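Below: the structure, in structure tokens.
The structure displayed is predicted, hence computed values, not measured ones. Atoms within a ligand are numbered from 1 in the order they appear, just like the ligands themselves.
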Amino acid sequence: MAKAYDHLFKLLLIGDSGVGKTCLIIRFAEDNFNNTYISTIGIDFKIRTVDIEGKKIKLQVWDTAGQERFKTITTAYYRGAMGIILVYDITDEKSFENIQNWMKSIKENASAGVERLLLGNKCDMEAKRKVQKEQADKLAREHGIRFFETSAKSSMNVDEAFSSLARDILLKSGGRRLQNYLTDLIFDQDDENIRFGLDKVPLEVFLKDMIDVQALSWNLSEDCRVSADSAFRPRHEDSQAGPSVPTVSTSNLPCWLVEEFVVAEECAPCSNFQAKTTPECGSTGYVEKITCSSSKRSEFKSCRSALMEQRLFWKFEGAVIGLALVFACLVIVRQRQLDRKALEKVRKQIESI
Ligand SMILES: Nc1nc2c(ncn2[C@@H]2O[C@H](COP(=O)(O)OP(=O)(O)OP(=O)(O)O)[C@@H](O)[C@H]2O)c(=O)[nH]1
């Protein structure tokens, strides 16, 4: 069965305890708000599919506990995140100062190049404001990331913030595809004409991606600029060094790297046979079958299933419940011991009368 979405992006919210991470996720996923505060234990997630530039983007949004005691568990989830949202509370200066520590934590634990976004939450509480918008603006600029002031209570800027992060991730993936096209610029050695390698990539696919990328941002991302630079350099050198410079082609690349594709079979664990015969099983142990739109080729692609994430989550929940049961048993045993001692004491006092 084909997927009901084009991309799955995993996002993570981090920030001090009580800044409103859970409320932001609930507002975004369920359009709801609750004033009562129940601190998150460990990690949890919600899902919402949004429409960005005509693409269905399924956002799996992970909520982390802000309390220090859960740090080891929550940082383990940074690695798989494609976007991380740093949240502070505009009425709590300490939560803003701590953003620097959360940034450090991303650097140490997340994948390089993860998209980040800064949110100053509870902006409905203007009378209690302790962090000025300009301070946060400056911090965001220093780190080269976007910044919004939000309110989970009034829902101000909540959808905008999540959509902007999804858009940036989409732009980055579009940039990566463009990088492949640019790398495909080749020098035709036979007639010594410089030729654009579009014979390897369908023109309409290339143009569509160019338009997508341009529509998302008029400034090419860092990735694109670097790749454009590196793609043009060999061609320039070619004209001086002659035909001995090797040409670069994407024809051996998987089709999903250079074309639009649809998922024909959902991400699933590899069977024993697939594990032996399909190299894509190597990295995660899961594969999905995709069909490339232009070449109509069907290929396997390594993937990370929501099931994997859920299993990790339930393992953690199981460990927490197990631990709670052990402590409950200890408390009951100790209580019984104390009761017995008290009864013994009373009995001795009665006997001595
Ligand atoms: N006025 C106002 N209160 C908010 C807002 N967002 C959250 N709150 C309140 O702030 C408190 C903490 O919210 P949570 O979402 O549970 O905070 P958290 O960051 O998930 O906290 P941890 O789970 O401990 O990390 C709750 O009482 C919420 O009602 C907001 O935008 N405006």
Side-chain angles (χ1 to χ4, degrees), residues 10-48 59-78 81 83-106 109-110 116-133 135-137 139-140 146-165 309 312-314 316-317 319-321 323-324:
K10 183 177 157 188
L11 311 180
L12 192 77
L13 269 81
I14 59 173
D16 282 7
S17 183
V19 296
K21 299 181 293 296
T22 307
C23 288
L24 280 167
I25 295 176
I26 290 175
R27 169 62 74 195
F28 177 65
E30 295 166 4
D31 198 16
N32 218 335
F33 178 77
N34 197 335
N35 258 321
T36 48
Y37 175 36
I38 303 166
S39 198
T40 309
I41 297 173
I43 194 142
D44 196 2
F45 76 89
K46 295 219 176 294
I47 282 175
R48 180 175 156 191
L59 297 177
Q60 192 183 66
V61 190
W62 288 80
D63 183 15
T64 60
Q67 290 177 33
E68 184 68 28
R69 64 197 169 107
F70 293 114
K71 206 147 186 200
T72 321
I73 297 155
T74 54
T75 48
Y77 284 79
Y78 285 30
I84 297 185
I85 302 179
L86 298 110
V87 189
Y88 70 90
D89 173 353
I90 68 150
T91 70
D92 175 3
E93 210 164 357
K94 187 90 189 103
S95 74
F96 178 66
E97 286 166 12
N98 270 340
I99 289 292
Q100 294 285 18
N101 296 330
W102 290 109
M103 288 280 189
K104 233 171 93 191
S105 189
I106 294 179
N109 299 289
R116 294 164 302 161
L117 174 71
L118 179 64
L119 299 187
N121 192 37
K122 306 195 189 177
C123 71
D124 54 287
M125 297 170 80
E126 191 55 49
K128 293 190 176 169
R129 179 189 281 277
K130 295 272 165 43
V131 183
Q132 297 311 313
K133 207 172 170 193
Q135 290 174 263
D137 245 333
L139 180 72
R146 285 186 208 282
F147 161 64
F148 289 89
E149 281 200 343
T150 55
S151 166
K153 191 172 186 176
S154 73
S155 83
M156 185 178 162
N157 276 341
V158 176
D159 277 7
E160 288 80 351
F162 280 93
S163 297
S164 117
L165 183 59
E309 312 281 10
L312 258 174
F313 170 72
W314 287 116
F316 165 72
E317 290 283 299
V320 170
I321 292 168
L323 220 61

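Across Phe70, Phe313, Trp62, a single residue satisfies ring pair (Phe, Tyr, Trp, His ring centres under 6.0 Å) together with Tyr77, and that is Trp62. Between Asn121 and the choices Asn157, Thr150, Asp92, the side-chain hydrogen bond (donor to acceptor under 3.5 Å, both in side chains) rule is met once, by Thr150. Checking each of Lys133, Lys122, Arg129 against Glu149 for a side-chain hydrogen bond (donor to acceptor under 3.5 Å, both in side chains) leaves exactly one that passes, namely Arg129. Of the options Ser151, Ser155, Ser154, a side-chain hydrogen bond (donor to acceptor under 3.5 Å, both in side chains) to Asp124 is made by Ser151 and by none of the others.
Not a single heavy atom of Ile25 sits less than 4.0 Å from an atom of ligand 1.
Within 6.0 Å of CD in Glu68 there are 12 or fewer heavy atoms belonging to other residues, nucleotides or ligands. No more than 12 heavy-atom neighbours from other residues, nucleotides or ligands sit within 6.0 angstrom of CD1 on Ile41.
Nearest to atom 20 (O) of ligand 1 among the protein's heavy atoms is Thr22 OG1, 2.7 Å. The protein heavy-atom contact nearest to atom 21 (O) of ligand 1 is Gly18 N, 2.9 Å. The protein atom (non-hydrogen) at minimum distance from atom 15 (O) of ligand 1 is Cys23 N, 2.9 Å. In terms of protein heavy-atom proximity, atom 31 (O) of ligand 1 is closest to Ala152 N, 2.8 Å. Nearest protein heavy-atom contact of atom 17 (O) of ligand 1 is Gly20 N, 3.2 Å. The nearest protein atom to atom 8 (N) of ligand 1, hydrogens excluded, is given as Lys122 CE, 3.6 Å; this is a heavy-atom distance. Atom 12 (C) of ligand 1 has its closest protein heavy atom at Tyr37 CD1, 3.4 Å. Residue, atom and distance of the protein heavy atom nearest to atom 27 (O) of ligand 1 are Asn35 O, 2.9 Å.
In terms of polar-atom proximity, defined here as any N/O pair under 3.5 Å, Thr150 makes no such contact with ligand 1. For Lys153, a nitrogen or oxygen atom sits less than 3.5 Å from a nitrogen or oxygen atom of ligand 1, counting backbone and side chain alike. Polar contact check, Lys21 against ligand 1: a nitrogen or oxygen pair lies under 3.5 Å apart. Between Gly15 and ligand 1, no N or O atom pair is found at a separation short of 3.5 Å. The shortest N or O to N or O distance between Cys123 and ligand 1 is not below 3.5 Å.
Summarising the geometry of Ala81 relative to Leu12, their closest heavy-atom pair is CB-CB, 4.1 Å, with the distance given to 0.1 Å. The nearest pair of heavy atoms linking Lys71 to Ser105 is CE-OG, 4.2 Å. The two residues Leu117 and Ser164 make their nearest non-hydrogen contact at CD1-OG, 4.3 Å. Leu139 and Ile99 make their closest contact through CD2-CG2, 3.6 Å (heavy atoms, listed as atom of the first residue, atom of the second, distance).
Heavy-atom proximity to Asn121, at under 4.0 Å, picks out these atoms of ligand 1: 5 (C), 6 (N), 31 (O). Interface of Thr40 with ligand 1, defined as ligand atoms under 4.0 Å from a residue heavy atom, comprises 20 (O), 22 (P), 23 (O), 24 (O). Per-residue contacts place Asp124 under 4.0 angstrom from the following atoms of ligand 1 (heavy atoms of the residue considered): 1 (N), 2 (C), 30 (C), 31 (O), 32 (N). Close contacts between ligand 1 and Asp16 involve ligand atoms 19 (O) [criterion: under 4.0 Å to a heavy atom]. Against a heavy-atom cut-off of under 4.0 Å, Met125 is close to the following atoms of ligand 1: 1 (N), 2 (C).
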Given the rule in the side chain to side chain contact (heavy atoms under 4.5 Å, CB included) test, do Leu11 and Leu59 qualify, once you have shown the distances and angles that lead to the verdict? CA-CA 7 Å; Leu11 311 180; Leu59 297 177; 4.0 Å; yes
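Residue-level proximity to ligand 1 for Ala65 is carried by the backbone, the only part with a heavy atom below 4.0 angstrom.
Asp89 contributes atom CG, which lies 10.5 Å from atom NZ of Lys21 (distance to the nearest 0.5 angstrom).
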